[in-house]
Amino acid sequence: MGAAEPVVLHRGNEEEKMEEEENEKKDEELEDLEKGEINNINQESVQTHPPNGFHMSRMQRLSATNPLRLVINNATRVASPSPAHPQPRPSSSSPLHQQQTRSFTPTPQPSVATLNSRSYTNKISLFLFIVHMVLAIGLVGFLIFKGVQGLIGEGRAQRREKRVLKYFLPQVEAASFLSITLAFIWQKAVRLWPHFMVHFIIWSSFALTLAAGILLICFQRPATDGIGVLFIAFSIGVGLYACWVTQRTSFCSKIFIKALEPVSKFPDLNQPTYWMLGAGFLWMSFWILAVIGALNFYVPPLIIMALVLSLAWTAEVMRNVANLTVSRVIALYYLRGMQSSTQFCFQRALSHNLGSACLGSLFVPAIEALRIVARGLNLLEGEDEFMFSCAHCCLRVMESIFKCGNGWAYVQIAAYGKGFVQASKDTWDLFSKRELMVEVVDSDITSAICFLTGVCSGSICTIVVAAWTSTVHRGYIGTLSVLAAFIGYLMTRIAMALPHACVSCYYVCYAENPDNRLFDKTIPDRIDLIKSGRDVVVPTPRVPRRFQ
């Protein structure tokens, strides 16, 4: 009995200590609850199951003193106690707490490019375009006022304006209606019969420009003779180009067929094109009235030239707005498998990405034109080493500029909200990282097909307007022929933004993720044929090695 009493007293002391600790724990929890800092019991205790990212290789050995205790990374862990007897939370200064903090610190993940950027791109170019539109609207309104003022006045100005309204305005409006009709016909035909239309567009552009040039020469007037010679010279160049790219047309047809497949999944994908063409027609109507009003103001040629440049930039921006809308819808379909809202993408193109559309519309046509000229010069061979070294130097400069500003950039602008220059560089880097991808996209003739489609519409409008004007007022044939060609080209280019954007998305999204199940073997087969030498690729003129 005497030996058992100390044991009973010792157990009583332990129970009193445990009760005191439980009371202190409850008081601490009540204080934490009042402060809003209470945590879940499961988070306080050490879990028996390993957390996410836990590797079984970290269970190195069992403890030598307790088989139920695991030694993990030189730190021991025990099964969590029951809720009736919670363990006190280790202090932040204890070694166990420090080891747990280091063990469960999340590793930083690489940043992923967002597809929902809300920042405005290329704000300076956006500001310049808005200022340009304000000035253009003001100038057009003022010139329309001058035209009305001259029309209600007396004298020679009134007679001239009445003659212009009677024999000049109807043909321009007819050219606008005809160009819109042709634009939808060309786009629908390319979507339905891409294989046939690629060949048809190339050779019909040659035939139609040649026919328009011959018709204008037949009128035997100085103005029409000069314009007719230009049409014939251009047709000869188109014919040579058609012979040069004959071997590329088959692959271009395959790309059109594959790239246009997602269009059927978005029934409203053409609505931005409708809106842009409608806005273009309305602006064209006011624009031609301003041209008529410019005849009653100072230096009409300079004012008309400024109006022409303004119209060209505005129409190009409209085309690229449609391009950005389609590019975002198709790019998100390829990259994320999403069916985006066309209306939302259209609103985004008109707001956040409008600055990039303005900058690209200003520089891409000029860059591509100068690049074509530089490559054309390098097709020639000669003995004058100095002249051709200068030509090769110009080509190198244009190639460098092309990497910082190209039409492929619109895909990444639409998808990731990048600026125009950054998107151009990133897109070309994507092509450069893929084997022979630069050669594949460099030999693509989609842009040329869309350009020649506009040429076909312009030539048709020229033939119709010239034949009509010859029966009412032969003095306006030259001016109306050029104006009809210009209007027909611009309107058709807006409509052809849809197939052009689809092809661009196919190339760029393939370069970003070639393992996507939405892509077939069209591009890999092309690359394999180029590597094996079984596919004859017409080389694009580049800088010879001796000049590099």
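Quantities reported herein were computed from a predicted structural model and do not represent experimental measurements.
- A centroid separation of 6.0 Å or more is found between the aromatic rings of Tyr334 and Tyr510.
- Formation of a donor-acceptor pair under 3.5 Å by the Ser310 side chain with backbone atoms of Leu307 is not found in this model.
- Between the side chain of Ser504 and the main chain of Trp408, no donor-acceptor pair closer than 3.5 Å is present.
- The 12-atom threshold is not exceeded at CH2 of Trp275, counting heavy atoms of other residues, nucleotides or ligands nearer than 6.0 Å.
- Put simply, the side chain of Asn323 never gets that close to the backbone of Arg319: no donor and acceptor are under 3.5 Å apart.
- Between Phe266 and Tyr333, the angle of the ring planes goes over 60°, which puts this pair in the perpendicular group of the 30/60° scheme.
- A cation-pi arrangement, defined by a distance under 6.0 Å to the six-membered ring centre and an angle within 45 degrees of its axis, is present between Arg248 and Trp244.
- Between Phe431 and Trp428, the angle of the ring planes goes over 60°, which puts this pair in the perpendicular group of the 30/60° scheme.
- Classification of the Phe129-Trp313 ring pair by plane angle, with boundaries at 30° and 60°, yields perpendicular.
- Between Trp203 and Phe206, the ring planes lie perpendicular to each other; the angle is over 60°, past the 30° to 60° tilted range.
- Asn513 places no side-chain N or O within 3.5 Å of a backbone atom of Leu335 that could act as its donor or acceptor partner.
- Remark: the backbone N or O of Val465 is not paired with any side-chain donor or acceptor of Gln171 at under 3.5 angstrom.
- With hydrogens and angles ignored, the 3.5 Å screen pairs a side-chain donor or acceptor of Arg328 with a backbone N or O of Ala414.
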**OP:** Apply side chain to side chain contact (heavy atoms under 4.5 Å, CB included) to Lys531 and Glu435, showing your working.
**Re:** CA-CA 10 Å; Lys531 290 169 62 177; Glu435 185 181 11; 3.5 Å; yes
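- Within a 6.0 Å radius of CD1 in Ile124, no more than 12 heavy atoms belonging to other residues, nucleotides or ligands are found.
- For the pair Thr224 (side chain) and Leu216 (backbone), a donor-acceptor distance under 3.5 Å is present.
- Within a 6.0 Å radius of CZ in Phe286, other residues, nucleotides and ligands contribute 12 heavy atoms or fewer.
- Between Gln412 and the options Lys425, Lys418, Gln422, a side chain to side chain donor-acceptor pair (under 3.5 Å) holds for only Lys418.
- Around the OH atom of Tyr167, the shell of radius 6.0 Å holds no more than 12 heavy atoms that belong to other residues, nucleotides or ligands.
- Within a 6.0 Å radius of CZ in Phe177, no more than 12 heavy atoms belonging to other residues, nucleotides or ligands are found.
- The local environment of CD in Glu261 is crowded, with over 12 non-hydrogen atoms from other residues, nucleotides or ligands closer than 6.0 Å.
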